[in-house]
Amino acid sequence: MRTNYKLFIIALLGLGLHVQAQEVGLKDVLGRYFLVGTSLNQWQSSLRDFQAAPVVEHHFNAVVAENVMKVDALQPASGDFDFHHADEIADFCKQRQLTLIGHCLVWHSQVPAWFFVDKQGQTVGREELIARIKNHIATVVGRYRGRVRGWDVVNEAFLDDGRMRPSPLYNIIGEDFIEIAFRAAHEADPDAELYYNDYSMALPQKRAAVCRMVRRLKEKGVRIDAVGMQSHVGLDYPSLADYEASIDSFAACGVKVMITELDINVLPNPMEFGGAGVEQDFAYQQRWNPYADGLPQEKAMELEQRWLDLFDIYRRHAAQISRVNLWGIADHNSWLNNWPIHGRTNYPLLFDRQYKEKPVVRKIISLFECF
Ligand code: G3I
């Protein structure tokens, strides 16, 4: 009798697992409208973190390297390219027939120190910097030709008020570093899609500046396929109306919109905090880390509603959007545990710290099933 009971329980568990395995993934339903992506860190793409791959296979059809395709990872010393980790993620995608998106070719951050200085340690000249950018792009885009669907060619060139960011790229070359980068990427892989990617894209002044840039590039015959709205959002920022207005504005410029780095910050932050600039760094205080032991029910509900509000926007704007990409799979992976304050416990993604899907995943799928 006892043995029969045990067998019955085992059978039920087996059935439960089977049903779970049969449940549709995000990509099976949302993928009818746009690519559904996630970023992967190097531990996940190398399978050292072996829990990530099954989740990716079940829920996603596109992948972005969180860090290993940035300039500091690929060309740590001048002319000395290291493709080890980038090849690993390209293989990960090939084996699973996932679309690989390249991130990112030209960015003021995560650039090795040598990139902006000459042999004497002085600021490098305009022509030399252009040559370095062109060489980096030709080498990297050339290597992954046919394997990367599209590239974030330029990342974060504008400040939140719409002015050009006074980075070494802008200070040394001027605003045409953007056009130079896009032309170089197109030359290296004429079939690759090319994107401009930035944060705080719901801000009207930033939106206007990016639209002006897109129109100028198009007038000059420079290829640009999509604008990436990073979408590092909070529970109460940006306003949904501003966010939607930006999707409409970018689409009206004749490009697709991509939601490229989606996550939701549920933690309180100091007044001075804003945007997603990686340089922000505030001292840890207990009051900025209130949910270390778990998210209270009312916050979890608020978070769930925010996910549903965002995905409802993506549903209604599906014709304008070509990819929705999460910035990480599970909560413990997220950069938001360490930014803008180190060592916090945040809950910004769709899977929990055990890689278990949160209840909101089924609700998002239902939203698109009724579409
Ligand atoms: O790999 C080193 C490791 O060897 C070292 O021991 C450790 C010590 O801190 O640092 C590790 O590098 C860190 C890297 O992430 C990998 O974990 C860097 O310090 C850290 O700065 C880096 O942060 C990344 C950040 O970009 C800067 O590149 C985040 O993971 C990544 O999520 C974040 O992504 C950016 C997008 O590329 C662009 N948009 C904003 C977004 C969020 O900042």
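None of the values given here were measured: they were computed from a predicted structure. Ligands are counted one by one from 1 in listed order, and the atoms in each one are counted from 1 as well. Residue numbers run from 1 in the order of the sequence given.
- Here Y355 and H332 bring their ring centres to under 6.0 angstrom of each other.
- Classification of the F81-H136 ring pair by plane angle, with boundaries at 30° and 60°, yields parallel.
- In this structure, the side chain of N61 does not engage the main chain of L35 through any donor-acceptor pair within 3.5 Å.
- For atom 6 (O) of ligand 1, the nearest protein heavy atom is 4.0 Å or more away.
- Using a distance-only test at 3.5 Å, with no hydrogens or angles considered, no donor-acceptor pair links the side chain of H85 to the main chain of Q42.
- Considering backbone and side-chain N/O of Q110, one or more are found under 3.5 Å from N/O of ligand 1.
- Every atom of ligand 1 with a heavy atom of E156 under 4.0 Å away is listed here by number and element: 38 (C), 39 (N), 40 (C).
- Contacts with ligand 1 closer than 4.0 Å are made by no heavy atom of Y199, backbone or side chain.
- A donor-acceptor distance shorter than 3.5 angstrom exists from the side chain of R165 to the backbone of E156, with no hydrogens or angles considered.
- R147 contributes no side-chain N or O that, together with a main-chain N or O of L100, makes up a donor-acceptor pair within less than 3.5 Å.
- Ring geometry for Y33 against F368 counts as tilted: the plane angle lies between 30° and 60°, on a 0 to 90° scale.
- Side chains of E66 and N333: a donor-acceptor N/O pair is absent below 3.5 angstrom, by distance only.
- Distances from ligand 1 to the non-hydrogen atoms of H103 include at least one value under 4.0 Å.
- Counting heavy atoms only, K70 comes closest to atom 25 (C) of ligand 1 of the residues E66, K70, Q230, M69.
- The nearest protein heavy atom to atom 40 (C) of ligand 1 is closer than 4.0 Å.
- Relative ring orientation between F311 and Y314 is described as perpendicular, the plane-to-plane angle rising above 60° on a 0-90° scale split at 30° and 60°.
- For ligand 1, the atoms lying closer than 4.0 Å to a non-hydrogen atom of W335 are 32 (O), 42 (C), 43 (O).
- For ligand 1, the atoms closer than 4.0 angstrom to any heavy atom of V278 are 25 (C), 27 (C), 43 (O).
- Applying the 6.0 Å contact sphere to CD of Q110 captures more than 12 heavy atoms from other residues, nucleotides or ligands.
- Distances from atom 27 (C) of ligand 1 to the protein include at least one heavy-atom value under 4.0 Å.
- If you check each of N67, N197, N41 against atom 22 (C) of ligand 1, the one with the closest non-hydrogen atom is N67.
- A distance-only check finds no donor-acceptor pair linking the side chain of S200 to the backbone of L203 [under 3.5 Å].
- Remark: atom 19 (O) of ligand 1 lies closer than 4.0 Å to no protein heavy atom.
- For ligand 1, the polar-atom distance check finds no N/O of N155 at less than 3.5 Å from any of the ligand's N/O atoms.
- For a threshold of 3.5 Å applied to N or O pairs, the pair formed by E261 and ligand 1 contains at least one separation below that value.
- Within a 4.0 Å radius of atom 2 (C) of ligand 1, the protein has no heavy atom.
- There is a protein heavy atom closer than 4.0 angstrom to atom 14 (C) of ligand 1.
- Both I180 and V140 are members of a single hydrophobic cluster when ILVMFWY side chains are connected at heavy-atom separations under 4.5 Å.
- Considering both main-chain and side-chain atoms, W107 never comes within under 3.5 Å of ligand 1 through any nitrogen or oxygen pair.
- The protein does not reach atom 9 (O) of ligand 1 closely, with no heavy atom under 4.0 angstrom from it.
- For atom 31 (C) of ligand 1, a protein heavy-atom neighbour is found at a distance under 4.0 Å.
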